[in-house]
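One structure below.
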Amino acid sequence: MSSPMEVSLENGSEVTDLSKPEGVSGRPAPLPPPISAADDKVLVSVEVCLKPSSTARAEDARAAVERMLEKRSMTYVDGPIPVPADDSFFVENVKRILVCDTDEWVENHKVLLFWQVRPVVHVYQLNEEGPGEEPSGDDMLSSFNEWVLPAREFDGLWESLIYETGLKQRLLRYAASALLFTERGVDPCLVSWNRIILLHGPPGTGKTSLCKALAQKLSIRLKSRYSWCQLVEVNAHSLFSKWFSESGKLVAKLFQKIQEMVEEENNLVFVLIDEVESLAAARQAAVSGSEPSDSIRVVNALLTQMDRLKSWPNVIILTTSNITTAIDIAFVDRADIKAYVGPPTLEARYEILRSCLQELLRAGIVTYPQDQVHFQLLNYSTLKETLHPSEPTELEGPLHLSRILLEAAKACEGSSGRALRKLPFLAHAALSNPHACDPRRFLYTLTETARRELAELNA
């Protein structure tokens, strides 16, 4: 059986387990030899989030979850596994158990049974401290925000982002390859990679959120290997000085601080530069006189500092842009992955709205139909198989409501992910009686609100 790869652990036809304890010296343990994937087992990530109050050791929690999974006969699909209520260790320590990375199988209408799977358990605890700020100078603007990962602010962000199939997995696999090549000592003069990601596309498509979610996800997957993970979000606007020629020095000063972070080998650092075109503006525009010459110094300083970071194996640079044509070609050429993040497809629009409606049902803002507490709207792949029924369906049943939701998703063509997440709130605000809201009436209002919003946008 050909098996999809555990994205944070696999590459090509080989599998590498990154969940290894640190060596005696405290340095990250070297990667073991590749394990053949020919044993017919599919590696599936199982993420275990410990409660803030838990003092359990990660290895104890991992062993407990592995024992629990060995005793269960189950199919593996993305989503939560119920925490055993009859086990005091789980009740006291475990907040959530989540299965990940099975979407490729679901897309191909295949089911992963327990005997086909080798679960890879990742145990983590969310950092509750929030972001820290670093002043940039006399004006006291923050030059960057810093989070210790995995952070509470980004909990669930990865799962909430819905794109075309394969985009998120592609980014996870890229990061795994970039770290693996560096750890194995591949000669960069022969094989080139820079550990730089560039996400580009129109505003509102979730590029920045995807970068933060990627850093969060990798910090969970690599927690056993790196004892400390940080996300540094650069405030590009703070790096432009009112004093001529000072901007380049501010860029160098910022990256000096980042270099101090990565000098600690047990520290994995993600550097996020949002709207990177503001720092890496095409130098050709400055040469032609349409941009100030100080911008040339900024671009030169940025490229120099990024090249210096290449020598450190524990840093990944994440960048976004709304206008790729405005970015200097030398920067674009350095990016290993240049992924376009466009407006959501029909499937993505449907799944985004479905997740919104399920949340409103959970919160009690939209009432469950006919007291169906376990009511679930159909996912898109299941709904596609029932688009041409031979007999009518119940007006309040999951199938009928899912079809109405599909019509709402079709009415949202051209909307950004940001606009879609806001739409259920606008629809609720348009209701004449928002305190008695059944799903069918809410979905019809949602569709009307979507058409009105697009009409006003295009007016």
Note to self: With side chain to side chain contact (heavy atoms under 4.5 Å, CB included) as the criterion, how do Gln259 and Trp312 come out once you've worked through the C-alpha distance, each side chain's angles and the decisive distance to 0.1 Å?
What the structure shows: CA-CA 8 Å; Gln259 183 167 323; Trp312 300 96; 3.8 Å; yes

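- Heavy-atom neighbours of Gln358 CD from other residues, nucleotides or ligands within 6.0 Å: above the threshold of 12.
- A donor-acceptor pair is defined here as one N or O able to donate and one able to accept, closer than 3.5 Å; no such pair exists between the side chain of Lys207 and the backbone of Thr319.
- Phe425 CZ: 12 or fewer foreign heavy atoms inside a 6.0 Å radius.
- At least one side-chain heavy atom of Ser209 sits under 4.5 Å from a side-chain heavy atom of Leu157.
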> Can you check side chain to side chain contact (heavy atoms under 4.5 Å, CB included) on Glu413 and Leu346, steps first, answer last?
Replying inline: CA-CA 7 Å; Glu413 184 174 2; Leu346 174 60; over 6 Å; no

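- A donor-acceptor distance shorter than 3.5 angstrom exists from the side chain of Arg195 to the backbone of Leu309, with no hydrogens or angles considered.
- Residues Ser355 and Ile352 come closest through the heavy atom pair OG-O, 2.7 Å.
- At least one donor-acceptor pair under 3.5 Å links the side chain of Arg354 to the backbone N or O of Leu377.
- Here the closest non-hydrogen pair linking Leu126 and Ala151 is CD2-O, 3.8 Å.
- Side-chain N/O atoms of Arg62 and Ser224 include a donor and acceptor closer than 3.5 Å.
- Minimum interatomic distance between Leu361 and Tyr368 (heavy atoms only, all atoms of both residues): O-CE1, 3.3 Å.
- Between the side chain of Asn194 and the backbone N or O of Arg334 there is at least one donor-acceptor pair closer than 3.5 Å.
- Partners of Glu128 by salt bridge (Lys or Arg N to Asp or Glu O under 4.0 Å), not counting sequence neighbours, listed by chain and number: Arg152.
- Contact check for Glu153 versus Lys212: no side-chain heavy atoms found under the 4.5 Å cut-off.
- Partners of Arg362 by salt bridge (Lys or Arg N to Asp or Glu O under 4.0 Å), not counting sequence neighbours, listed by chain and number: Glu359.
- Heavy-atom neighbours of Lys338 NZ from other residues, nucleotides or ligands within 6.0 Å: above the threshold of 12.
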Exercise. So Leu272 and Phe144, side chain to side chain contact (heavy atoms under 4.5 Å, CB included) or not? Walk me through it.
Worked result: CA-CA 9 Å; Leu272 169 58; Phe144 65 84; over 6 Å; no

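- Side-chain atoms of Tyr76 never come within 3.5 Å of backbone atoms of Arg118 as a donor-acceptor pair (strictly under, hydrogens ignored).
- Counting only distance, with no hydrogens or angles, the side chain of Gln305 and the backbone of Val251 share no donor-acceptor pair below 3.5 Å.
- Looking at Tyr174 and Asp336, their side chains do bring a donor and an acceptor atom within 3.5 Å of each other.
- Taking 4.5 Å as the limit, every side-chain heavy atom of Cys229 sits out of range of all side-chain heavy atoms of Trp147.
- The CG atom of Asp78 lies 11.0 Å from the CG atom of Asn379; values are rounded to the nearest 0.5 Å.
- In this structure, Val123 and Val65 have side chains that are not in contact, with every pair of non-hydrogen atoms separated by 4.5 Å or more.
- Under a 4.0 Å N-O distance rule, the pair Glu70/Arg67 does not qualify as a salt bridge.
- Leu69 places none of its side-chain heavy atoms less than 4.5 Å from the side chain of Val117.
- Closest heavy-atom contact between Ser416 and Pro203: CB-O, 4.1 Å.
- A salt bridge is defined here as a Lys NZ or Arg NE, NH1 or NH2 lying under 4.0 Å from an Asp or Glu carboxylate O, and Glu448 with Arg451 fails to meet this definition.
- We find the CE-CD1 distance between Met74 and Ile81 to be 3.5 Å, quoted to the nearest 0.5 Å.
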| Step-by-step side chain to side chain contact (heavy atoms under 4.5 Å, CB included) determination, Leu214 to Leu218 | CA-CA 6 Å; Leu214 176 63; Leu218 289 170; 4.0 Å; yes

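- Pro398 has its side chain out of reach of Gln376: every pair of non-hydrogen atoms, C-beta onward, lies at least 4.5 Å apart.
- Judged by distance alone, the side chain of Lys168 and the main-chain N or O of Trp158 form a donor-acceptor pair under 3.5 Å.
- The nearest pair of heavy atoms linking Leu353 to Ala408 is CD1-C, 4.2 Å.
- Rounding to the nearest 0.5 Å gives a distance of 11.0 Å between SG of Cys211 and CZ of Phe270.
- In this model, no donor atom of one side chain and acceptor atom of the other lie less than 3.5 Å apart for Thr367 and Asp438.
- A 6.0 Å sphere centred on CH2 of Trp193 holds more than 12 heavy atoms belonging to other residues, nucleotides or ligands.
- Residue Glu47 forms a salt bridge (charged side-chain N to carboxylate O under 4.0 Å, His left out) with just one option from Arg96, Lys217, Lys223, Lys95, and that option is Lys217.
- A donor-acceptor contact shorter than 3.5 Å is absent between the side chain of Thr445 and the backbone of Leu431.
- Listed for the Asn93 side chain is no donor-acceptor partner under 3.5 Å among the backbone atoms of Lys51.
- Here the OH-CG distance, from Tyr226 to Asn267, works out to 9.5 Å after rounding to the nearest 0.5 Å.
- Distance check, rounded to the nearest 0.5 Å: OG1 of Thr345 to OH of Tyr380 gives 7.5 Å.
- Without hydrogens or angle criteria, Arg72 side chain to Phe114 main chain gives no donor-acceptor distance under 3.5 Å.
- Asp87 places none of its side-chain heavy atoms less than 4.5 Å from the side chain of Val94.
- Residue Ser402 comes nearest to Leu378 through the heavy atom pair OG-N, 3.0 Å, listed as atom of the first residue, atom of the second, then distance.
- For the pair Lys384 and Glu347, the salt-bridge criterion is not met [side-chain N within less than 4.0 Å of a carboxylate O].
- The shortest side-chain heavy-atom distance between Met306 and Phe331 falls under the 4.5 Å cut-off.
- For the residue pair Ser321 and Glu277, a side-chain donor N or O sits within less than 3.5 Å of a side-chain acceptor on the partner.
- For the atom pair Asn266 CG and Asn314 CG, the distance stands at 9.0 Å (nearest 0.5 Å).
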